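We use all heavy atoms of the structure for the numbers below, so side chains are in, but hydrogens, waters and symmetry mates are not. All of these numbers come straight from a predicted model, not from anything done at the bench.
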Amino acid sequence: MWPDTGTGLDAYESESPATRAFVLHPDIKSKPARRLPEHGLAEAVSLAAALPRIEVVGAEVVRLPRLHPGMLFGSGKVEELAARFKAEDVGLVLVDGPVSPVQQRNLEKEWGVKLLDRTGLILEIFADRARTREGVLQVELAALSFQRTRLVRAWTHLERQRGGFGFVGGPGETQIEADRRAIDDQVIRLKRQLAKVVKTRELHRAARKKVPFPIVALVGYTNAGKSTLFNRITGAEVLAKDMLFATLDPTMRAMVLPVPQGGAGSGTGRKIILSDTVGFISELPTTLVAAFRATLEEVLSADLILHVRDISHPESAEQAADVMDILTSLGVNKATPMLEIWNKLDLVDGSARDALAAQAAQRNDVLAVSALTGEGVEALLYRVSQVFDEATSERRLTLPFTEGRRHAWLHAQGVVEAESQGDDGWDLSLRWTARQEKQYRDL
């Protein structure tokens, strides 16, 4: 255990009253923003509402010409907010943006409240929602990495006053250094435990590759309706709520696609594995992206990505851009096929709905659906079938005996129709799709 650093909420008591919280969204003129500050504030309020026993009693966009290094806001604004927080009995302030350790300490002292910035808030939500062993470890690792930079100069009476040899040694290890070392030790232990879990996941992934079922990954902004669509398609019972980060832990289900209409395949529905992943959000903390990389590797190995968008949201385009930025940072192969799923069509009214449906019909990579009502889901499944029911071509190939890995891969994919051995290697007759041929060349 180490001292409270002021970065998290106290342990929740079942009988404790709800904490009264106030949300601030700094709008800095010198910093170009992708979205309107009012929409950013609304998202921050939704994030706050995702925490248990939190009552949001107020929210405000604070427009700033520049950041103040000591207290983020100007002195006049700090005094004004202090009086308001006291009058409304606010116990927690949530700042929708980065707050330095110095700014956090100064503001907490001026306002007499706990303060969380955007990263701290998301970490609190993730800590509350993680259920699997891997998810808990990943959240704890990200929280420790974040906490390490926010150690305050507390417990100075426990510092060693002397170090080195004799009576001329300088100051010994300070309490902050001891706390930091304790955190580093815990991080090492967590990384070792997580490595074991990741290795198990890799073994499962390798086992799935031996049975050539394509993996279809659902990705998208948080609360875009991925879990609802996942439940609608697979019949699963994954938690689906109108709440940011309702689900964190990845879920996978095997399913059989319907027979493609006018496809070039054998006429039997193909079996796939559908994966529901954690939702993305703008300005996702880098510590979380790094910690959840093992989970998100399911996206990296996917054969098809379904990008689920909340098409009813006023900033759907900006959310989509944020998702694409994160996918790029993760290193998703640009050659991986992707379909855009315009979800929540049931929340769009009248002419706007008709216009969206017509626009989606004109694009081969877009489908408009409502996961809640089931509208358009059948057409989506047929479209996925078409992606995997590609035309095949024949090919004769001579593979040297030294290429055992490629030889095994071809058999695992089921594309070998005939095989014989010659002086130079295996003589193979193949029937494969263009997608499989590309995968072979990328080995």
For the atom pair CG (Leu274) and CD1 (Ile215), what is the distance rounded to the nearest 0.5 Å?
10.5 Å

A cation-pi test, strictly: NZ or CZ of Arg309 under 6.0 Å from the centre of the six-membered ring of Tyr221 and no more than 45 degrees from its axis. Yes or no?
no

For Ala302 versus Thr336, what's the shortest heavy-atom pair and its separation?
O-CG2, 3.6 Å

Considering all heavy atoms of both residues, which atom of Leu304 and which atom of Val387 are nearest to each other, and what is their separation?
CD1-CG1, 4.3 Å

Run Ile273 and Val216 through side-chain contact (heavy atoms from CB on, under 4.5 Å) and show every step you take.
CA-CA 6 Å; Ile273 296 175; Val216 178; over 6 Å; no

Under 3.5 Å, which donor-acceptor pairs do the side chains of residues 58-68 form with other protein atoms, sequence neighbours left out?
residue, atom, partner, partner atom, Å
Glu60, OE1, Arg84, NH1, 2.9
Glu60, OE2, Lys77, NZ, 2.6
Arg63, NH2, Glu38, OE2, 2.8

Do the side chain of Trp111 and the main chain of Val78 share a donor and acceptor less than 3.5 angstrom apart?
yes

Can you confirm whether Ser420 sits close enough to Trp426 that some side-chain heavy atom of one is under 4.5 Å from a side-chain heavy atom of the other?
no

Glu108 and Val113: which non-hydrogen atoms are nearest, and at how many Å?
CG-O, 3.3 Å

Between Ala48 and Leu94, which heavy-atom pair has the shortest distance, and what is it?
CB-CD1, 3.3 Å

Any chance you could lay out the side-chain contact (heavy atoms from CB on, under 4.5 Å) test for Gln421 and Phe401, step after step, and finish with the verdict?
CA-CA 9 Å; Gln421 292 187 13; Phe401 291 124; 4.2 Å; yes

For the pair Thr398 and Asp424, evaluate side chain to side chain donor-acceptor pair (under 3.5 Å) and give the outcome as yes or no after the intermediate values.
CA-CA 8 Å; Thr398 299; Asp424 299 326; over 6 Å; no

Give the minimum heavy-atom separation between Val99 and Leu115, together with the two atoms involved.
CG1-CD2, 4.1 Å

Check for a donor-acceptor pair, side chain of Asn106 on one end and backbone N or O of Gly70 on the other, with a separation under 3.5 Å.
yes

To the nearest 0.5 angstrom, please state how far the CE atom of Met252 sits from the OG1 atom of Thr234.
12.0 Å

Roughly how far, to the nearest 0.5 Å, is the CD1 atom of Ile341 from the CG atom of Leu306?
5.0 Å

Distance from Thr19 atom OG1 to Arg53 atom CZ, nearest 0.5 Å?
9.0 Å

Applying side chain to side chain contact (heavy atoms under 4.5 Å, CB included) between Met338 and each of Val332, Leu327, Val219, report the one that passes.
Leu327

Within the side chain of Glu375, is there an N or O that forms a donor-acceptor pair under 3.5 Å with the backbone of Ala368?
no

Could you list the residues that satisfy salt bridge (Lys or Arg N to Asp or Glu O under 4.0 Å) with Arg383, not counting sequence neighbours?
none

Side chains of His407 and Glu419 in contact at under 4.5 Å (non-hydrogen atoms)
yes

Distance-only side-chain donor-acceptor flag, Ser312 / Asp310, under 3.5 Å:
yes

Answer yes or no: is there a side-chain heavy-atom contact under 4.5 Å between Asp96 and Leu41?
no

Walk me through it: do Val56 and Phe22 pass the test side-chain contact (heavy atoms from CB on, under 4.5 Å)?
CA-CA 6 Å; Val56 179; Phe22 199 98; over 6 Å; no

Heavy-atom check, side chain of Gln359 versus side chain of Asp354, under 4.5 Å:
no

Answer yes or no: is there a donor N or O on one side and an acceptor on the other, between the side chain of Arg353 and the main chain of Leu345, under 3.5 Å?
yes

Interatomic distance, Asn223 atom CG to Thr228 atom OG1 [nearest 0.5 angstrom]
8.5 Å

Please check this pair: side chain of Gln103 against backbone of Met71, looking for a donor-acceptor N/O pair closer than 3.5 Å.
no

Is it true that Thr373 and Asp346 share a donor-acceptor pair across their side chains at a distance under 3.5 Å?
no

Considering only heavy atoms from C-beta outward, does the side chain of Ile305 approach that of Val299 to under 4.5 Å?
yes

Side chains of Leu116 and Leu123: closer than 4.5 Å at any heavy-atom pair?
no

Atom CH2 of Trp342 and atom CG of Leu356: how far apart are they, to the nearest 0.5 Å?
6.0 Å

So, does Arg232 use its side chain to make a donor-acceptor pair with the main chain of Leu372 at under 3.5 Å?
yes

So, the side chain of Ser385 versus the backbone of Pro258: is there a donor-acceptor pair under 3.5 Å, distance only?
yes

Do the side chain of Asn343 and the main chain of Ala371 share a donor and acceptor less than 3.5 angstrom apart?
yes

Test Phe230 against Lys226 for side-chain contact (heavy atoms from CB on, under 4.5 Å), laying out the working first.
CA-CA 6 Å; Phe230 184 85; Lys226 296 183 302 301; over 6 Å; no

Taking C-beta and beyond as the side chain, do Arg396 and Leu428 meet within less than 4.5 Å on heavy atoms?
no

Going by heavy atoms in the side chains, are Val93 and Phe85 under 4.5 Å from each other?
yes

Among His313, Arg118, His25, the one residue meeting side chain to side chain donor-acceptor pair (under 3.5 Å) with Glu43:
Arg118

What one should report as the nearest heavy-atom pair of Pro37 and Asp27 is CG-OD2, 3.8 Å

